[in-house]
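Every heavy atom of this structure was used, including side-chain atoms; hydrogens, water molecules and symmetry mates were not.
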Amino acid sequence: MTLSTSSDAPGGTTGRRPPVDPERWPDVVRLPRASAPRTAVARGLVERGLARMPLRVRHEAGPRRVPRPGAPRDDTPREGTPTLTLHDPEAFHRRIGADGLIGFGESYMAGEWDSDDLVGLLTVIATHVDALIPAPLRLLRGAWAHRRPLSDRSTLEGARANIHRHYDLSNDLFALFLDPSLTYSSALFDTLPATPDALTAAQHRKIDRLLDAAGVRRGTRLLEIGTGWGELAIRAAARGADVLTVTLSEEQRDLALRRIADAGPAGRVTVELCDYREVEGRYDAVVSVEMIEAVGADFWPSYFTALRRLLAPGGIVALQAITMPHDRMLATARTHTWISKYVFPGGLIPSRHAIARESAAAGLDITHDIGFGDHYAETLRLWRERFVEQPGAVDALGFDRTFRRMWELYLAYSEAGFRSRYLDVRQFRMVASGPDGEASR
């Protein structure tokens, strides 16, 4: 393997990087098999695509902008233009040639490239993603895109394993970058851009708007699918609701129980380690925040059927979901991505069209649909800034430098998705179709 040579910080000074742990990160420590012609084709496509974007490419030997074909070279940086610094161009192109965007992410984890503005760079790439691959070649996506492992499907057993791989990493890790409410979903700010001291109030504003949409008040029988660390359940109980909240994360359940007990409404809240498909009963309101992304497309019918089955006559469903354009969703539905390999196994971000189709098929009508993607970009910025400011604290929890680079890329990649409008986050209000709908309440 070729070790890359720069400091730990993006855009840092030259110096030998520490080795990657081969047991924890086998596909990062070793370069993938890729023929010289395949690597050469990847290099040509990537350089041609990057040359069409408003960014600069710097090789470690010195700065240069990848020139547009036939255009004179211009090495003068423009203000606000992000720079992609290649410490090991051969490894970078080889990984992309073998594994596409998975290779792009693994190359960052290996320290083979950096940027002086990681979010800015990824936002440019997300905005101009079609420039990377000519339209005729997109039909050959299957030549490098990997299929999702069957073991990642969100069956009853698979869902527990997938949730464990992300949410059971460490409560202390999440506490390092989340606000004191430990809310791991988009906030809703009063004003943008946001300041760090506004985050907790913004998370409460988001929760309260969702509870208002669901009509949660004293005496409401509320089901929450996806407990997180308990903040929504606490605020619902404070309104006088009786709450059942379910999760598949043991780490989250244990801490949520302690937080609920400390907050006072323990008698009104029940926390169960349970899959949404196993919940019984009927509820006046069902709320779920950014949980559908972990369900997987194969199980969306089961998810929406469960929402409808669990809803009492006249009841209301309130969902918060990340969404992407429908054509992008279809293109990535079966593809094993860097995010699905390293961050969220088994999941898929739905489109608004998919949510409308699946909810209607289950007997639910959407009455309200509100988006606020700019607020997620700001939420992620605040999380990322807190995370990267505490490398020593992350290391002390047993996570190594490769993990830190992976997590920084995940947060920056997600923020860029919202800044480029590739992603959105929306709150949906739904009621049952027909005689069991809102009018019967």
A.B. asks: Tell me whether R153 contacts the main-chain N or O of G346 through its side chain, where contact means a donor paired with an acceptor under 3.5 Å.
C.D. replies: no
A.B. asks: CG/L86 to NE2/H59 distance, rounded to the nearest 0.5 angstrom?
C.D. replies: 5.0 Å
A.B. asks: So, the side chain of K341 versus the backbone of I102: is there a donor-acceptor pair under 3.5 Å, distance only?
C.D. replies: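 A pair under 3.5 Å: no.
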A.B. asks: Which heavy atom of S340 sits nearest to which heavy atom of T335, and what is that distance?
C.D. replies: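 Nearest heavy atoms, S340 then T335: OG-O, 4.3 Å.
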A.B. asks: Pair R404, D395 - check salt bridge (Lys or Arg N to Asp or Glu O under 4.0 Å), show working.
C.D. replies: CA-CA 8 Å; R404 283 193 280 113; D395 291 349; 2.9 Å; yes
A.B. asks: Evaluate side chain to side chain contact (heavy atoms under 4.5 Å, CB included) for L156 paired with R277, printing each intermediate quantity in order.
C.D. replies: CA-CA 8 Å; L156 283 171; R277 288 161 285 199; 3.8 Å; yes
A.B. asks: Would you confirm whether E293, through its side chain, and A321, through its main-chain N or O, come within 3.5 Å as a donor-acceptor pair?
C.D. replies: no
A.B. asks: Rounded to the nearest 0.5 Å, how far does CG of D88 lie from CG of L31?
C.D. replies: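 If I round to the nearest 0.5 Å, the distance is 7.0 Å.
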A.B. asks: Could you label the plane-to-plane angle of the F387 and W407 rings as parallel, tilted or perpendicular, counting under 30° as parallel and over 60° as perpendicular?
C.D. replies: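 F387 vs W407 ring planes: tilted.
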A.B. asks: Taking all non-hydrogen atoms of both residues into account, name the closest pair between S433 and R308 and its distance.
C.D. replies: O-NH2, 4.5 Å
A.B. asks: Using modelled atom types only, decide if a donor and an acceptor are shared between the side chain of S170 and the backbone of L173 within a distance under 3.5 Å.
C.D. replies: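 Such a contact is found between S170 side chain and L173 backbone.
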A.B. asks: In Å and rounded to the nearest 0.5 Å, what is the CG to CG distance from D254 to N171?
C.D. replies: 8.0 Å
A.B. asks: Do E90 and R94 pass the salt bridge (Lys or Arg N to Asp or Glu O under 4.0 Å) test, and can you show the C-alpha distance, the side-chain angles, and the key distance before you say yes or no?
C.D. replies: CA-CA 6 Å; E90 176 63 27; R94 181 169 165 179; 5.7 Å; no
A.B. asks: Between R56 and P82 (side chain of the first, backbone of the second, donor and acceptor by atom type, cut-off under 3.5 Å), is there such a pair?
C.D. replies: no
A.B. asks: Please examine the side chains of Q427 and H368, heavy atoms only from C-beta on, and report whether any two atoms are closer than 4.5 Å.
C.D. replies: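 H368 vs Q427: side chains apart.
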A.B. asks: Salt bridge or not between D424 and R421? Use side-chain N to carboxylate O under 4.0 Å.
C.D. replies: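 Salt bridge absent between D424 and R421.
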A.B. asks: Working note: T247 + T227, criterion side-chain hydrogen bond (donor to acceptor under 3.5 Å, both in side chains); need CA distance, chi angles, decisive distance, verdict.
C.D. replies: CA-CA 5 Å; T247 179; T227 304; 4.6 Å; no
A.B. asks: With a 6.0 Å cut-off (strictly less than), is the heavy-atom count around CD of E278, excluding the residue itself, greater than 12?
C.D. replies: yes
A.B. asks: Is any side-chain heavy atom of L84 closer than 4.5 Å to a side-chain heavy atom of W113?
C.D. replies: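 With C-beta onward as the side chain, the pair touches.
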A.B. asks: Between D365 and R429, is a salt bridge (Lys or Arg N to Asp or Glu O under 4.0 Å) present by the stated rule, with each step listed?
C.D. replies: CA-CA 8 Å; D365 292 333; R429 182 183 184 274; over 6 Å; no
A.B. asks: Closer than 3.5 angstrom, by distance alone: can the side chain of R95 be matched with the main-chain N or O of V28 as a donor-acceptor pair?
C.D. replies: yes
A.B. asks: Please evaluate residues S302 and Y276 with respect to the criterion side chain to side chain contact (heavy atoms under 4.5 Å, CB included), reporting the C-alpha separation (whole Å), side-chain torsions for both, the decisive distance (0.1 Å), and the verdict.
C.D. replies: CA-CA 9 Å; S302 299; Y276 67 90; 4.2 Å; yes
A.B. asks: Taking it one step at a time, do F299 and L348 satisfy side chain to side chain contact (heavy atoms under 4.5 Å, CB included)?
C.D. replies: CA-CA 11 Å; F299 298 95; L348 178 67; over 6 Å; no
A.B. asks: With no hydrogens and no angle check, is any side-chain donor or acceptor of E378 less than 3.5 Å from a backbone partner on A194?
C.D. replies: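 Answer holds: yes.
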A.B. asks: Any donor-acceptor pair under 3.5 Å linking the side chain of D168 with the backbone of E251?
C.D. replies: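 Side chain of D168 to backbone of E251: a pair is present.
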A.B. asks: Take L382 and R386 through the test side chain to side chain contact (heavy atoms under 4.5 Å, CB included) and record every step on the way to the result.
C.D. replies: CA-CA 6 Å; L382 296 175; R386 288 196 64 187; 5.8 Å; no
A.B. asks: Please determine whether side-chain hydrogen bond (donor to acceptor under 3.5 Å, both in side chains) holds for the pair E290 and Y376, giving the CA-CA distance in whole Å, both sets of side-chain angles, and the decisive distance to 0.1 Å.
C.D. replies: CA-CA 12 Å; E290 294 179 28; Y376 216 151; 2.5 Å; yes
A.B. asks: Measuring only between side-chain heavy atoms, which start at C-beta, is L319 closer than 4.5 Å to L307?
C.D. replies: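 Yes. Closest side-chain heavy atoms under 4.5 Å.
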A.B. asks: With rounding to the nearest 0.5 angstrom, report the NE2 to OG distance, H164 to S249.
C.D. replies: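 Reported value, rounded in 0.5 Å steps: 9.0 Å.
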A.B. asks: With the threshold set at 4.0 Å, does a side-chain nitrogen-carboxylate oxygen contact exist between D116 and R58?
C.D. replies: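 Looking at D116 and R58, the cut-off is not met.
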A.B. asks: Is E385 atom CD crowded by more than 12 heavy atoms from other residues, nucleotides or ligands, each under 6.0 Å away?
C.D. replies: yes
A.B. asks: Given side-chain hydrogen bond (donor to acceptor under 3.5 Å, both in side chains), test D179 with S181 step by step and report yes or no.
C.D. replies: CA-CA 5 Å; D179 73 284; S181 75; 2.7 Å; yes
A.B. asks: Which one of L223, V317, L244, T305 satisfies the side chain to side chain contact (heavy atoms under 4.5 Å, CB included) criterion with L310?
C.D. replies: L223
A.B. asks: More than 12 non-hydrogen atoms from neighbouring residues, nucleotides or ligands closer than 6.0 Å to OH on Y413, yes or no?
C.D. replies: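 Counting neighbours around OH of Y413, 12 or fewer heavy atoms of other residues, nucleotides or ligands fall under 6.0 Å, so no.
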A.B. asks: Would you confirm whether T83, through its side chain, and T85, through its main-chain N or O, come within 3.5 Å as a donor-acceptor pair?
C.D. replies: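 Checked: no pair found.
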A.B. asks: Under a plain distance cut-off of 3.5 Å, with no hydrogens placed, do E224 and T245 share a side-chain donor-acceptor pair?
C.D. replies: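 A donor-acceptor contact under 3.5 Å links the two side chains.
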A.B. asks: For the OG1 atom of T323 and the NE2 atom of H353, what is their distance to the nearest 0.5 Å?
C.D. replies: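 One finds 13.5 Å between OG1 of T323 and NE2 of H353.
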A.B. asks: Angle between ring planes, H166 versus Y410, binned at 30° and 60°: parallel, tilted or perpendicular?
C.D. replies: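 Answer is perpendicular, since the angle exceeds 60°.
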A.B. asks: In terms of side-chain geometry, is the basic nitrogen of D275 or R160 positioned less than 4.0 Å from the acidic oxygen of its partner?
C.D. replies: no
A.B. asks: Just how far is it from atom CZ of R384 to atom CG of L409, taken to the nearest 0.5 Å?
C.D. replies: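 So the gap between those two atoms works out to 11.0 Å.
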A.B. asks: Search all heavy atoms of V289 against all heavy atoms of S185 and return the closest pair with its distance.
C.D. replies: CG1-OG, 3.5 Å
A.B. asks: Could you check E112 against S107 for side-chain hydrogen bond (donor to acceptor under 3.5 Å, both in side chains), going step by step and ending with a plain yes or no?
C.D. replies: CA-CA 5 Å; E112 294 157 2; S107 186; 2.7 Å; yes
A.B. asks: With distance as the sole test, does T123 use its side chain to make a donor-acceptor pair with the main-chain N or O of V119 at under 3.5 Å?
C.D. replies: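 Yes.
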